[in-house]
Every structure is written in structure tokens, then in C-alpha cells.
Amino acid sequence: LEKEEKQVEQTIDDIRTVVKIIKEKQNKEVKKVFIYTTPKEVSLYGDYKEFISKSLSMEITVFANNNKKRYDPLEKANKAKPSRPSIYLE
């Protein structure tokens with residue numbers, strides 16, 4: 001459980017870093033976060049979705065990287081690795 005929590009915390013930190021860069025360089029506000037993860041980890045991020053959403057004050061959507069119906073305009077899902085999900089921000 002501790003390993004999973006650290007993984008989720010790392011993902012939150014990564015999202016915060018990217019959001020900060022987008023804000024500074026593009027002067028855009030991020031409102032939605034799409035997390036693409038391996039099928040084995042989709043339930044982990046699904047379980048922590050509410051926590052992640054509250055931590056970031058953003059809407060969170062989680063997809064398995066093999067989900068054919070996922071919203072993925074920049075094909076970020078292909079970059080997801082075990083313990084390292086990929087993210088797309090809007």
C-alpha cells in the first residue's frame with residue numbers, strides 16, 4: 001500500500017510541475033487531467049481518483065492505455081509504463 005501511495009504522490013507532483021510550466025509559458029489554466037496507465041494499474045488510479053482530484057483541484061479521468069474508447073488527442077497513452085503513467089492536460 002505504501003508503494004502505491006508513493007506512486008500516486010509522484011504522479012500528483014509530476015502533474016503539478018507540468019501545470020506550473022503550462023501556466024508560466026502559455027499563460028493557460030489547466031482544468032482537466034487525463035491519466036493513462038497500464039491495465040494492471042488502472043484500478044489503483046481509479047481508487048485514488050478522488051484524492052488526486054482534491055489534491056489538484058481539477059477534474060481527473062483515468063484510462064487504461066489499451067482502452068480503445070479513451071480520450072487521447074495527442075496519443076499520450078502509448079507512453080504509459082508500469083509505475084509511470086502518462087498524462088494529458090486541458
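Heavy atoms only: backbone and side chains are in, while hydrogens, waters and symmetry mates are out.
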Review point. Which pair of non-hydrogen atoms, one from Thr38 and one from Pro82, has the smallest distance, and what is that distance?
Key: CG2-N, 3.7 Å
Under 3.5 Å, side-chain donor or acceptor atoms of residues 46-63 against the rest of the protein: list the pairs with distances, not counting sequence neighbours.
| residue | atom | partner | partner atom | Å |
| --- | --- | --- | --- | --- |
| Ser53 | OG | Met58 | O | 2.6 |
| Ser55 | OG | Phe51 | O | 2.9 |

**Study point:** Within-4.5 Å side-chain heavy-atom neighbours: Arg84 and Gln7
**Key:** no
Practice item. Could you grab the distance from atom CG of Leu74 to atom CG of Asp72, nearest 0.5 Å is fine? Key: 7.5 Å
Distance-only check: which donor-acceptor pairs under 3.5 Å involve side-chain atoms of residues 22-34, not counting sequence neighbours?
| residue | atom | partner | partner atom | Å |
| --- | --- | --- | --- | --- |
| Lys23 | NZ | Glu29 | OE2 | 3.4 |

**Study point:** Distance, nearest 0.5 Å, that separates NZ of Lys6 from OG1 of Thr11
**Key:**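 Between atom NZ of Lys6 and atom OG1 of Thr11 there are 14.0 Å.
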Point to revise | Donor + acceptor pair across side chains of Glu4, Tyr45 (<3.5 Å) | key: no
**Study point:** Check: Asn65 side chain, Asn78 main-chain N or O, donor-acceptor pair, under 3.5 Å
**Key:** no
Review point. If Ile, Leu, Val, Met, Phe, Trp and Tyr residues are connected whenever their side-chain heavy atoms lie under 4.5 Å apart, and connections chain through other members, are Tyr88 and Ile35 in the same group?
Key: no
Study note, to complete from the structure: Nearest heavy-atom contact between Lys69 and Asn67 is N-OD1, 2.7 Å
**Study point:** Residue pair Tyr36, Glu75: steps toward the side-chain contact (heavy atoms from CB on, under 4.5 Å) verdict
**Key:** CA-CA 10 Å; Tyr36 309 102; Glu75 298 184 19; over 6 Å; no
Exercise for review: Check which hydrophobic residues are tied to Ile21 through side-chain heavy-atom contacts below 4.5 Å, counting indirect links as well, and list them.
Suggested key: none
Check your understanding: Less than 4.5 Å apart, any side-chain heavy atom of Glu41 and any of Ser83?
Key -> yes
**Study point:** Nearest-0.5 Å distance that lies between atom OG1 in Thr17 and atom CD1 in Ile12
**Key:**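 Between Thr17 OG1 and Ile12 CD1, I get 12.0 Å after rounding to 0.5 Å.
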Exercise for review: State, to 0.1 Å, how close Pro39 and Ala64 come at their nearest heavy-atom pair, and which atoms those are.
Suggested key: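 Closest heavy-atom pair between Pro39 and Ala64: CA-CB, 4.1 Å.
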Check your understanding: Ignoring hydrogens and geometry, is there a side-chain-to-backbone donor-acceptor pair from Ser86 to Lys76 under 3.5 Å?
Key ->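 Yes.
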Practice item. Give, for atom CD1 of Ile87 and atom OG1 of Thr37, the distance between the pair rounded to the nearest 0.5 Å. Key: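 Spacing of CD1 (Ile87) from OG1 (Thr37) equals 12.0 Å.
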